[in-house]
Trainee: 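Structure below; questions to follow.
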Amino acid sequence: EGIVAPKGLDPKIVAVLHEGWKKALEDPVHLAALDKYDQELFYMGPEAYTKWARETFEAERALIARLGLLPK
């Protein structure tokens, strides 16, 4: 999961959203739920998440195109 916002959002707002998201991820109740289902916390900061999202989108788009499923 991740949180996204419009391109060009004021960096101060990005920082507030990021800190709130990170705080929620590290909440003991959330961590207990992850542990209950044998999941690990996987965290990426804004730059890493943006890079991952772009690369994943392009990889999936290429796959969809190879399968002939892109709209014409």
Side-chain angles (χ1 to χ4, degrees):
E1 286 186 41
I3 186 170
V4 297
K7 183 177 182 176
L9 189 64
D10 182 325
K12 290 178 185 177
I13 295 172
V14 172
V16 169
L17 291 172
H18 171 255
E19 288 307 314
W21 182 253
K22 190 166 189 260
K23 183 177 178 181
L25 287 175
E26 296 170 345
D27 183 274
V29 174
H30 178 248
L31 294 175
L34 289 177
D35 188 52
K36 178 179 177 179
Y37 296 106
D38 198 27
Q39 299 290 308
E40 294 181 27
L41 178 63
F42 182 72
Y43 168 78
M44 284 188 257
E47 295 81 16
Y49 184 78
T50 299
K51 181 178 184 283
W52 172 84
R54 285 185 177 137
E55 289 172 355
T56 300
F57 175 79
E58 287 304 316
E60 296 298 323
R61 190 171 137 219
L63 173 61
I64 292 168
R66 284 196 307 271
L67 294 172
L69 299 174
L70 280 179
K72 293 182 184 192

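When reading the values below, keep in mind they use all heavy atoms of this one structure, side chains included, and skip hydrogens, waters and symmetry mates. Since this is a predicted model, take the numbers as computed values, not measurements.
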Trainee: Got a second to check how far Q39's CD is from H30's NE2, nearest 0.5 Å?
Mentor: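 Separation between the atoms: 9.5 Å.
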Trainee: Once rounded to the nearest 0.5 Å, what's the spacing between atom CD1 of I3 and atom NZ of K22?
Mentor: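 The distance works out to 15.0 Å.
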Trainee: Please round to the nearest 0.5 Å and tell me the distance separating atom OG1 of T56 and atom NZ of K51.
Mentor: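 Nearest 0.5 Å value for the OG1-NZ distance: 9.5 Å.
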Trainee: Could you grab the distance from atom CZ of R61 to atom CG of L70, nearest 0.5 Å is fine?
Mentor: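 Answer rounded to 0.5 Å: 7.0 Å.
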Trainee: Measure across L25 and L31 and return the closest heavy-atom pair with its distance rounded to 0.1 Å.
Mentor: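 Result for this residue pair: O-CD2, 3.6 Å.
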Trainee: Should V29 and Y43 be regarded as members of a common hydrophobic cluster, given that ILVMFWY residues are connected when their side-chain heavy atoms come within less than 4.5 Å of each other, either directly or indirectly?
Mentor: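 No; tracing contacts between hydrophobic side chains, which count when under 4.5 Å, never links both residues.
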Trainee: Side-chain heavy atoms nearer than 4.5 Å, only ILVMFWY residues, links allowed to pass through others: does that put L34 and W21 together?
Mentor: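 Looking at the clustering, W21 is in the same group as L34.
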Trainee: Do V14 and L17 share a hydrophobic cluster (ILVMFWY, side-chain heavy atoms under 4.5 Å, transitive)?
Mentor: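 Same cluster: V14 reaches L17 through Ile, Leu, Val, Met, Phe, Trp or Tyr contacts under 4.5 Å.
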Trainee: With a 4.5 Å cut-off on side-chain heavy-atom distances among I, L, V, M, F, W and Y, is there a chain of contacts connecting L9 to V4?
Mentor: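 L9 does not cluster with V4.
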Trainee: Looking only at heavy atoms, what is the nearest atom pair of P46 and H18, with distance?
Mentor: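 Heavy-atom minimum between the residues: CD-CD2, 3.4 Å.
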Trainee: Counting heavy atoms not belonging to E40, are there more than 12 under 6.0 Å from its CD?
Mentor: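 No, the 6.0 Å shell around CD holds no more than 12 heavy atoms from other groups.
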